[in-house]
Amino acid sequence: MKKYYHIFLMLVIVLLAGLSLTACDSGDDLNTDQYGNDISLNAFGPCPVLRGGTLYFYGSNLDQITEVDLPNADPITSINVLASGKHSEISITVPAEKCDTGIVSLKTAKGGTIQTVTPIKYREDISVSEFYVGTSGTLVGNVGDVLTIKGDYLNLIHGVIFQEKDTVTEDQFVTHDRYTIQVAIPAAAKTGKLILTDLAAEPTELETEEALTVNLPTVASISPVAPKAGQTVTVSGKDLDQIASVQLNGATVEADAFLSQTATALAFTLPATATDGEVTLVTKSGVELSAGSITTVVPTDLAATPNPVKNGAVLTITGKDLDLVTSVTFPKADAVAPTTCNTSKLTVVVPEKAQDGDITLSLANGKSVTVACSLVKPTVTACTPSVLTAGNSVLIKGADLDLVLSISFPGDNPIEVSSFGAQTASAIAVTVPAAAYGKGFTLNLKNGTTVDVTSGLTINAASDPAVSKTTNSGHPGAYVTVEGKNFNNVETVYIGSVKITKFSSRSNTSMTFLVPSSTAAGTYDLIMKDYDGKSYTVGKFEVVPNEIDLATSVTTMSGSAISYPFNFTWDDAGRFRVMKAFLTGHGVKEGSKLIFYKSSSATGQIQVNDSKWSSLITVADWGGTEAQVVYTFDAAGLAAVNSISDGWSDTALILQGDLKSITKMVFVP
C-alpha cells in the first residue's frame with residue numbers, strides 16, 4: 001500500500017558555524033542561569049518541531065543541562081551533547097504524544113532553571129499510510145461496510161468526504177484516534193477517491209491517490225414486465241436498500257413512496273402516468289442502474305353498443321381494463337370524460353358534434369386504443385304533400401330528424417332554411433322558400449355532415465317574386481345585389497317604407513340597387529310590388545351603418561397623424577380631439593357609436609371627456625377577451641357635441657387612456 005502525505009515544507013536545520021538559528025529564540029531573547037554558572041540559551045529549534053522529531057538548543061555551557069521539560073510532557077533527561085563550552089549545542093527527541101505548546105524549561109546540574117522566552121510549537125504532519133475495507137489490501141466494499149484509514153495525526157481529521165457526496169463527520173466515526181479512523185461507508189457514497197478534512201474555515205484537506213470502489217446494487221429481475229397502472233411492481237436483486245428512486249417513462253417513484261424496500265427487493269405501485277420503456281433505479285449516490293423495461297397494459301377486447309349510436313345517446317363500451325381510460329374522443333368532437341367507468345365497462349354520452357369513425361380511448365400515460373363505431377343518420381319516409389309549389393309548407397316524416405340543424409332546398413342556388421315550424425325526432429314542418437324548385441332536398445346535421453334526400457318531394461317553381469337569402473344587407477349610399485327569381489314581374493322595391501329609386505342592373509334572377517343614404521340603420525321588411533300593385537314581403541333587409549375611420553379626420557394632440565396599431569396614453573402622443581363639425585356632418589345622434597377595434601388580448605381603458613375635460617365615461621376591457629370596445633352616444637354625449645364648449649375650439653370630445661394595439665377606430669352614425 002502506498003503512503004499518502006500532506007505536503008509540507010521541511011525546515012532545514014543549518015548547523016554551519018556562523019549561521020544563527022532564530023526559529024524560536026533570537027539574540028534578543030537571551031536567558032541565563034540565575035546561579036551565575038555562565039550558562040545561557042541563545043536559540044532553539046526548529047520551531048515548529050515535528051512530534052517525535054529532534055529539537056536543538058544553542059548557547060553557552062549547555063553541556064551542564066541535565067533535564068529538559070516540555071509543557072505537559074514527562075521530564076526528558078536523555079540529552080545529546082553535540083558541542084560543549086562557550087559555543088555549545090544539545091538536542092533531545094520530542095515525544096510523539098503528551099506534549100503541548102508553551103514555554104520550555106532547561107534545568108542545570110546545580111538546580112538552576114533556564115526558560116525560553118517564546119513558546120515551543122509543533123508540526124503535525126497528517127499522513128495516510130493505508131485504507132481498506134475489512135482486511136488490509138481490500139479497496140472494494142459495500143454500503144455499510146466499515147472502512148479503516150491508517151496514518152498519523154488522524155486525530156486532527158474531523159470529516160471524511162466520499163466521492164461527490166456530503167461529509168461524514170467524526171461524530172459518526174466508529175473509531176477515531178491519532179493513528180486510526182474507522183467509518184461505515186454511507187449510502188450516498190460513490191466510487192472514487194477519499195478526502196480527509198479538518199473542517200476548518202479554510203480547511204486542510206488530504207486526498208487519497210487511490211480510489212475506493214463502492215459496490216453498486218444489482219438487479220436480478222423485475223415483475224411483472226407487462227404491468228397495469230395501480231399494480232405492484234417488484235424489483236429483486238442485491239443491495240437494493242441503496243435505491244433512492246425509480247425512474248419510469250412518464251413518472252418517478254421516490255423511496256418514501258415504495259411499498260417495501262429491503263436489500264434484496266423493493267416494491268412500488270405503478271403510477272397511472274407511467275408508460276412503456278426502460279425502468280431505471282437511482283441509488284442514493286446518484287448512480288443510475290437499468291432494471292429492464294416494461295410494456296404497460298391497455299384496454300383490450302373492445303366492443304361498442306349500440307352500433308350505430310345516435311348523437312346525444314349513451315354509448316356502452318365493454319372489454320378488459322377499461323378503468324384505465326381517462327377520456328373518450330369521437331371524430332370531429334372534443335374529448336369527453338366517461339360517464340361511468342370500471343374494469344369491464346364504461347359509458348359515455350355521444351357528443352352532438354361527433355361524426356362517423358373510430359372512437360379513441362385515452363389513458364393517463366398518453367397511450368390510446370380505438371374501438372369501431374358508426375352513428376345513426378336521419379331517415380325520411382314521406383313528405384306531405386309530396387308535390388307542392390314553392391312558398392308552401394311541407395311536413396317531412398321519418399326517424400331521428402331531431403339531428404337536423406337545417407334543410408337546403410334546390411333552386412338556382414341552394415336555399416338553406418334553419419327556422420322550422422316544428423321539429424321532433426319523427427317530423428319536421430318547414431316552409432319551402434319561394435325561390436326553390438326541383439326535386440329532393442338535403443338535411444344538414446348538427447354534427448356537420450349531410451344526408452341527401454333525392455326523392456319524395458317535388459317543388460314546382462312559384463311565379464311570385466322570391467329571394468334566395470332570407471336576410472340581405474347593405475350600407476346607406478352603397479349598392480347591394482339581391483338574388484332570387486321572378487324579378488321580371490317586379491315593378492318597385494321597398495326597404496321598409498323607403499322606395500328604391502336607383503338600379504344599376506336587373507334580371508329575372510338578380511337586381512342591384514342603391515340603398516338610400518337617408519335610410520336609418522336597422523332591419524326592415526324587403527318588399528316587392530308587381531305591376532298590378534300586389535305587394536310581396538320576400539324577406540328582411542338590414543341597413544348597416546357606415547363605419548367612418550377616425551384616422552382620416554383626427555391627429556394626436558402632439559400633432560402627429562394617427563396610424564395603426566394605435567396606443568392610447570395619458571399624454572399628448574396618445575390622445576386626440578374629435579371635432580363637432582365631424583360628428584354633426586355625419587349625422588351624430590343618440591345611438592351613434594365610436595367603435596375601437598383591438599387585439600383581443602389587449603387590456604386597458606379609454607376615457608371619453610367633453611371639451612372641458614370632464615369625463616363622460618370610461619370604456620374598458622380588463623379581461624383581454626373582446627375584439628372591440630364601444631362608446632355609444634347618449635344624451636350626455638350629444639350635449640358634449642351640441643351644448644358644451646371650451647371657449648376657444650370646435651372640440652366635441654377628448655379621448656385618452658392606456659389601451660394598446662388599437663387596430664382601427666370608426667364612427668358609426
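The nearest pair of heavy atoms linking Asp634 to Glu590 is C-CG, 4.0 Å. Across all their heavy atoms, Val544 and Ser473 have their closest contact at CG2-CB, 4.1 Å. When all heavy atoms of Glu491 and Arg506 are compared, the pair lying nearest together is O-NH1, 3.7 Å. Residue Asp321 comes nearest to Val298 through the heavy atom pair OD2-O, 4.2 Å, listed as atom of the first residue, atom of the second, then distance. Minimum interatomic distance between Phe409 and Pro433 (heavy atoms only, all atoms of both residues): CD1-CD, 3.6 Å. Nearest heavy atom pair, residue Ala304 against residue Leu315, reads CB-CD1, 4.0 Å.
Here Lys612 contributes atom NZ and Ser645 contributes atom OG; the two are 7.0 Å apart, rounded to the nearest 0.5 Å. Leu550 CG to Leu655 CG: the interatomic distance, rounded to the nearest 0.5 Å, is 8.0 Å. Taken from OG1 in Thr454 to NZ in Lys439, the straight-line distance is 10.0 Å, to the nearest 0.5 Å. The structure places OG1 of Thr537 at 4.5 Å from CD1 of Ile527, a figure rounded to the nearest 0.5 Å. With values rounded to the nearest 0.5 angstrom, Tyr531 atom OH is found 8.0 Å from Asn489 atom CG. Note: Trp622 CH2 to Leu659 CG = 8.5 Å, rounded to the nearest 0.5 Å.
Salt-bridge formation is not detected for the pair Asp549/Lys664: no Lys NZ or Arg NE/NH1/NH2 atom is positioned less than 4.0 Å from an Asp or Glu carboxylate oxygen. A salt bridge links Lys367 with Asp276; the closest basic N to acidic carboxylate O contact falls under 4.0 Å. Taking the charged nitrogens against the carboxylate oxygens, Arg575 and Asp658 have no contact shorter than 4.0 Å, which rules out a salt bridge. Under a 4.0 Å N-O distance rule, the pair Asp301/Lys320 qualifies as a salt bridge. Asp525 and Lys540 are joined by a salt bridge, as a carboxylate oxygen and a charged side-chain nitrogen come within less than 4.0 angstrom of each other.
Using modelled atom types, no side-chain atom of Thr296 and backbone atom of Lys228 make a donor-acceptor pair closer than 3.5 Å. A donor-acceptor pair under 3.5 Å links the side-chain atoms of Asn311 to the main chain of Pro351, judged by distance alone. No donor-acceptor pair under 3.5 Å is formed between the side chain of Asn472 and the backbone N or O of Val482. Distance alone, capped at 3.5 Å, places no donor-acceptor pair between the Asp621 side chain and the Val629 backbone. A distance-only check finds no donor-acceptor pair linking the side chain of Tyr479 to the backbone of Gly474 [under 3.5 Å]. A donor-acceptor contact shorter than 3.5 Å links the side chain of Thr556 to the backbone of Ser560. Within the 3.5 Å criterion, the main-chain N or O of Glu352 finds no donor-acceptor partner in the side chain of Asn447. Formation of a donor-acceptor pair under 3.5 Å by the Lys598 side chain with backbone atoms of Ala602 is found in this model. In this structure, Asn307 contributes its side chain and Ser374 its backbone to a donor-acceptor pair below 3.5 Å. Between the side chain of Lys485 and the backbone N or O of Ser463, no donor-acceptor pair lies under 3.5 Å.
Taking the six-membered ring for Trp and thresholds of 30 and 60 degrees, Phe503 and Phe513 have ring planes more than 60 degrees apart, a perpendicular arrangement. In this structure, Phe667 and Phe633 have perpendicular ring planes: the angle between them is above 60°, well past the 30° mark.
Put simply, the residue from Leu401, Thr379, Thr449 that forms a side chain to side chain contact (heavy atoms under 4.5 Å, CB included) with Leu443 is Leu401. Tested against Tyr437, the residues Asp412, Asn460, Thr458 include a single side-chain hydrogen bond (donor to acceptor under 3.5 Å, both in side chains) partner, Asp412. Considering Asp400, Asp452, Asp356 in turn, Asp356 is the only one that fulfils the salt bridge (Lys or Arg N to Asp or Glu O under 4.0 Å) rule with Lys377. Of the candidates Thr360, Val350, Val348, Val328 forms a side chain to side chain contact (heavy atoms under 4.5 Å, CB included) with just one, namely Val348. When each of Leu302, Ile359, Thr300 is tested with Val369 by the rule side chain to side chain contact (heavy atoms under 4.5 Å, CB included), just one qualifies, namely Leu302.
In this structure, Asn342 places its CG atom where more than 12 heavy-atom neighbours from other residues, nucleotides or ligands lie under 6.0 Å away. Applying the 6.0 Å contact sphere to NZ of Lys589 captures more than 12 heavy atoms from other residues, nucleotides or ligands.
Side-chain contact between Val578 and Leu583 is present, with at least one heavy-atom pair separated by less than 4.5 Å. Contact of the Arg577 side chain with the Phe582 side chain is not registered, since no non-hydrogen atoms from C-beta on lie closer than 4.5 Å. Annotation: side chain of Ile548 is in contact with side chain of Pro669 (closest heavy-atom distance under 4.5 Å). Tyr524 has its side chain within reach of Val543: a pair of non-hydrogen atoms, C-beta onward, lies under 4.5 Å apart.
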Could you check Gln656 against Gln607 for side-chain contact (heavy atoms from CB on, under 4.5 Å), going step by step and ending with a plain yes or no?
-> CA-CA 5 Å; Gln656 62 180 354; Gln607 186 184 83; 2.9 Å; yes
Derivation and outcome, side-chain contact (heavy atoms from CB on, under 4.5 Å), residues Val336 and Val349 = CA-CA 8 Å; Val336 294; Val349 176; over 6 Å; no
I would like to know whether Phe596 and Phe568 meet ring-ring contact (aromatic ring centres under 6.0 Å, His included); could you show each step before the answer?
-> CA-CA 11 Å; Phe596 306 92; Phe568 274 100; 5.8 Å; yes
Does the side-chain contact (heavy atoms from CB on, under 4.5 Å) test come out yes or no for Leu346 and Thr340, once each step is laid out?
-> CA-CA 5 Å; Leu346 71 78; Thr340 63; 5.6 Å; no
Given Lys310 and Asp402, is the salt bridge (charged side-chain N to carboxylate O under 4.0 Å, His left out) satisfied, shown in steps?
-> CA-CA 10 Å; Lys310 186 175 180 179; Asp402 51 336; 2.9 Å; yes
Are Thr450 and Leu445 close enough, and set up right, to give a side-chain contact (heavy atoms from CB on, under 4.5 Å), and what steps lead you there?
-> CA-CA 6 Å; Thr450 60; Leu445 308 188; 6.0 Å; no
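For the residue pair Tyr597/Glu547, the side-chain donor-acceptor check at 3.5 Å is satisfied. In this structure, a donor-acceptor pair under 3.5 Å is present between the side chains of Thr569 and Asp571. For the residue pair Asn444 / Ser408, a side-chain donor-acceptor distance below 3.5 Å is found, with atom types taken as modelled. Between the side chains of Ser418 and Ser406, no donor N or O sits under 3.5 Å from an acceptor N or O.
Contacts of Thr273 classified as side chain to side chain donor-acceptor pair (under 3.5 Å), with partners at least two apart in sequence or in another chain: none.
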Under 3.5 Å, which donor-acceptor pairs link side chains of residues 383-396 to any protein atom two or more places apart or in another chain?
from	atom 1	to	atom 2	distance (Å)
Asn392	ND2	Thr389	O	2.9
Ser393	OG	Thr431	OG1	3.1

